[in-house]
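One is the number of the first residue; the rest follow in order along the sequence.
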Amino acid sequence: MADEESCECRHTQRTEEERKKLLTRLKTVEGQIRGIEKMVENDAYCPDIVMQVSAVTNALNSFNKLLLAAHIRGCVTEDIREGKEGKVDELCTMLQKLMK
C-alpha cells in the first residue's frame, strides 16, 4: 500500500462554514429522499411523488451551484494566478459533460 505522500488523491481545503453549508444541503436532500421512499411505500399519488423528486433535483442543483462557485473562487482562481490552465481546462470539460 502506498504511503500518503505518494498518493495522487485530489482534495480541496474548505472553510468550516463552507463545509457546514454543503453538509446541511446534503442532509436536506437525504431527508427528502427518505420522504420519497415513504411516499412510495405508502402508495402516494404519483404526481405528488414527482413534485418531491423535482424538489430533490432542485436541492441537488443548489448544492452543485454552491460547490462549483467555491471551486471557481478557490482552485480555479488560484491556478489562474499561478499561470496554470489545468483547472480551467478541467472546469470546461466538466461543464461540457454537465450540459449534455
Engineer: Check side chain to side chain contact (heavy atoms under 4.5 Å, CB included) between L22 and all other residues, then give those that pass, not counting sequence neighbours.
Structural biologist: R14, F63, L66, L67
Engineer: Give me the atom names and distance for the closest heavy-atom approach of C75 to T12.
Structural biologist: SG-OG1, 4.1 Å
Engineer: Quick one: salt bridge (charged side-chain N to carboxylate O under 4.0 Å, His left out) pairs with a partner in residues 17-26, sequence neighbours left out?
Structural biologist: E16-R19, E17-K21
Engineer: Same cluster or not: I72 versus L95, using hydrophobic residues (I, L, V, M, F, W, Y) connected whenever any side-chain heavy atoms lie under 4.5 Å apart?
Structural biologist: yes
Engineer: With the 4.5 Å side-chain cut-off for hydrophobic clustering, are I80 and L91 part of the same group?
Structural biologist: yes
Engineer: Among the clusters formed by ILVMFWY side chains lying less than 4.5 Å apart, do M39 and V50 turn up in the same one?
Structural biologist: no
Engineer: Find out if a path of hydrophobic residues (ILVMFWY) with successive side-chain heavy-atom gaps under 4.5 Å connects L68 to L60.
Structural biologist: no
Engineer: According to the side-chain hydrogen bond (donor to acceptor under 3.5 Å, both in side chains) rule, which pairs have a member within residues 42-58, sequence neighbours left out?
Structural biologist: none
Engineer: Tell me the closest heavy-atom pair linking V56 and Q32, and the distance in Å.
Structural biologist: CG2-CB, 3.4 Å
Engineer: I need the full list of side-chain hydrogen bond (donor to acceptor under 3.5 Å, both in side chains) pairs touching residues 66-91, with sequence neighbours left out, sorted by first then second residue.
Structural biologist: R10-E90, E82-K84
Engineer: Could you list the residues that satisfy side chain to side chain contact (heavy atoms under 4.5 Å, CB included) with T93, not counting sequence neighbours?
Structural biologist: K97
Engineer: Locate the shortest heavy-atom distance separating V29 from A59; write the atom from each residue and the value.
Structural biologist: CG2-CB, 3.5 Å
Engineer: What residues, two or more places apart in sequence or in another chain, satisfy side chain to side chain contact (heavy atoms under 4.5 Å, CB included) together with Q96?
Structural biologist: none
Engineer: As an exercise, state the distance from OG1 of T28 to CD of E30, rounded to the nearest 0.5 Å.
Structural biologist: 9.5 Å
